[in-house]
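Read the structure below first, then the notes.
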Amino acid sequence: MEITENPYIIRCLYVCPGKEPEVQYLNGTESQMEDLVSGKIASVGVDDGVCVIHNAFGEVLKMPENRTMYNQTFYGPMIVVSFDNFGNIISLSEEDTEYYSGMLAL
């Protein structure tokens, strides 16, 4: 049975310091993402069509170091999502979910 994904629910990887990445589902609201990263959000493109949403002030707030990707260190919780040509966040593909889960595993 094929499950049709809800385009308004975004599959992402939620990665906390010292923990394994886990699949989470976002409703795409800024407030939900701020709750997950414990503060104001910022994003950094890490690959073609993939970005990390993180706490904009994580390092200044002395949040625990989380992961380093491509010479960028992230502090505190972070969210890995895909984005489209218009900059809208969209669900990670199954392939990207597996790839980044492995890359960010402890």
Side-chain angles (χ1 to χ4, degrees):
M1 182 170 106
E2 184 177 331
I3 298 174
T4 305
E5 288 194 27
N6 182 336
Y8 302 106
I9 302 296
I10 299 160
R11 181 182 53 237
C12 69
L13 277 180
Y14 182 54
V15 187
C16 291
K19 295 185 179 178
E20 293 296 334
E22 64 182 61
V23 174
Q24 291 265 343
Y25 294 89
L26 304 173
N27 58 23
T29 63
E30 188 172 333
S31 64
Q32 181 192 27
M33 291 183 278
E34 287 177 342
D35 285 346
L36 288 171
V37 302
S38 303
K40 292 291 181 191
I41 59 173
S43 65
V44 174
V46 292
D47 272 322
D48 189 32
V50 177
C51 70
V52 171
I53 297 171
H54 61 100
N55 186 308
F57 304 106
E59 185 174 12
V60 174
L61 294 171
K62 301 191 184 313
M63 295 179 105
E65 188 173 315
N66 192 344
R67 306 290 202 281
T68 299
M69 293 176 69
Y70 308 117
N71 298 319
Q72 170 79 39
T73 300
F74 298 97
Y75 297 85
M78 61 191 230
I79 304 165
V80 182
V81 295
S82 289
F83 61 91
D84 64 18
N85 292 336
F86 301 103
N88 301 309
I89 64 170
I90 57 175
S91 286
L92 280 175
S93 67
E94 199 62 44
E95 181 180 276
D96 282 343
T97 300
E98 288 179 31
Y99 175 77
Y100 289 101
S101 289
M103 173 191 273
L104 298 170
L106 295 176

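- A distance of 15.5 Å separates CG of Leu104 from NZ of Lys19, quoted to the nearest 0.5 Å.
- For Phe57, the CZ atom counts as loosely surrounded, since its 6.0 Å shell holds 12 or fewer non-hydrogen atoms of other residues, nucleotides or ligands.
- Under the rule for a salt bridge (Lys or Arg N to Asp or Glu O under 4.0 Å), Glu20 has no partner lying at least two apart in sequence or in another chain.
- The hydrophobic clustering, which links ILVMFWY residues whose side-chain heavy atoms are closer than 4.5 Å, places Val50 and Met103 together.
- Atom CG in Asn88 sits 8.5 Å away from atom CD1 in Ile10 (nearest 0.5 Å).
- Atoms SG and CD, on Cys12 and Glu22 in that order, are 9.0 Å from each other to the nearest 0.5 Å.
- With hydrogens and angles disregarded, no donor-acceptor distance shorter than 3.5 Å links the side chain of Asn66 to the backbone of Phe74.
- In terms of heavy-atom proximity, Arg11 sits nearest to Ser93 at NH2-C, 3.4 Å.
- You'll find the side chain of Arg67 reaches within 4.5 Å of the side chain of Leu106, heavy atoms only.
- A continuous path of ILVMFWY side-chain contacts below 4.5 Å connects Tyr100 to Val15, so both sit in one hydrophobic cluster.
- In this structure, Ile79 CD1 and Leu92 CG are separated by 11.0 Å, a value rounded to the nearest 0.5 Å.
- Rounded to the nearest 0.5 Å, atoms OG1 (Thr68) and OH (Tyr75) are 7.0 Å apart.
- When side chains are defined from C-beta on, Met33 counts as touching Ile89, because their heavy atoms get closer than 4.5 Å.
- Around CD of Glu59, the count of heavy atoms belonging to other residues, nucleotides or ligands within 6.0 Å does not exceed 12.
- In this structure, the side chains of Phe83 and Val81 stay at 4.5 Å or more apart for every pair of heavy atoms.
- Pro77 approaches Cys16 most closely through the heavy-atom pair CB-SG, 4.1 Å.
- Pro21 and Ser101 get closest at one heavy-atom pair: CG-O, 3.8 Å.
- Counting all heavy atoms, side chain and backbone alike, Val52 lies closest to His54 at O-CD2, 3.8 Å.
- Side-chain contact between Val23 and Leu13 is present, with at least one heavy-atom pair separated by less than 4.5 Å.
- Contact check for Tyr70 versus Asp47: side-chain heavy atoms found under the 4.5 Å cut-off.
- Hydrophobic clustering (side-chain heavy atoms under 4.5 Å, transitive across Ile, Leu, Val, Met, Phe, Trp, Tyr) groups Tyr99 together with Val44.
- With Gln32 contributing its side chain and Asn27 its backbone, the two residues share a donor-acceptor pair below 3.5 Å.
- Of all heavy-atom pairs spanning Asn55 and Val37, the tightest one is ND2-O, 3.2 Å.
- Note: the hydrophobic cluster containing Met78 also contains Val46 (ILVMFWY, side chain heavy atoms under 4.5 Å, direct or indirect links).
- Around the CG atom of Asp84, the shell of radius 6.0 Å holds more than 12 heavy atoms that belong to other residues, nucleotides or ligands.
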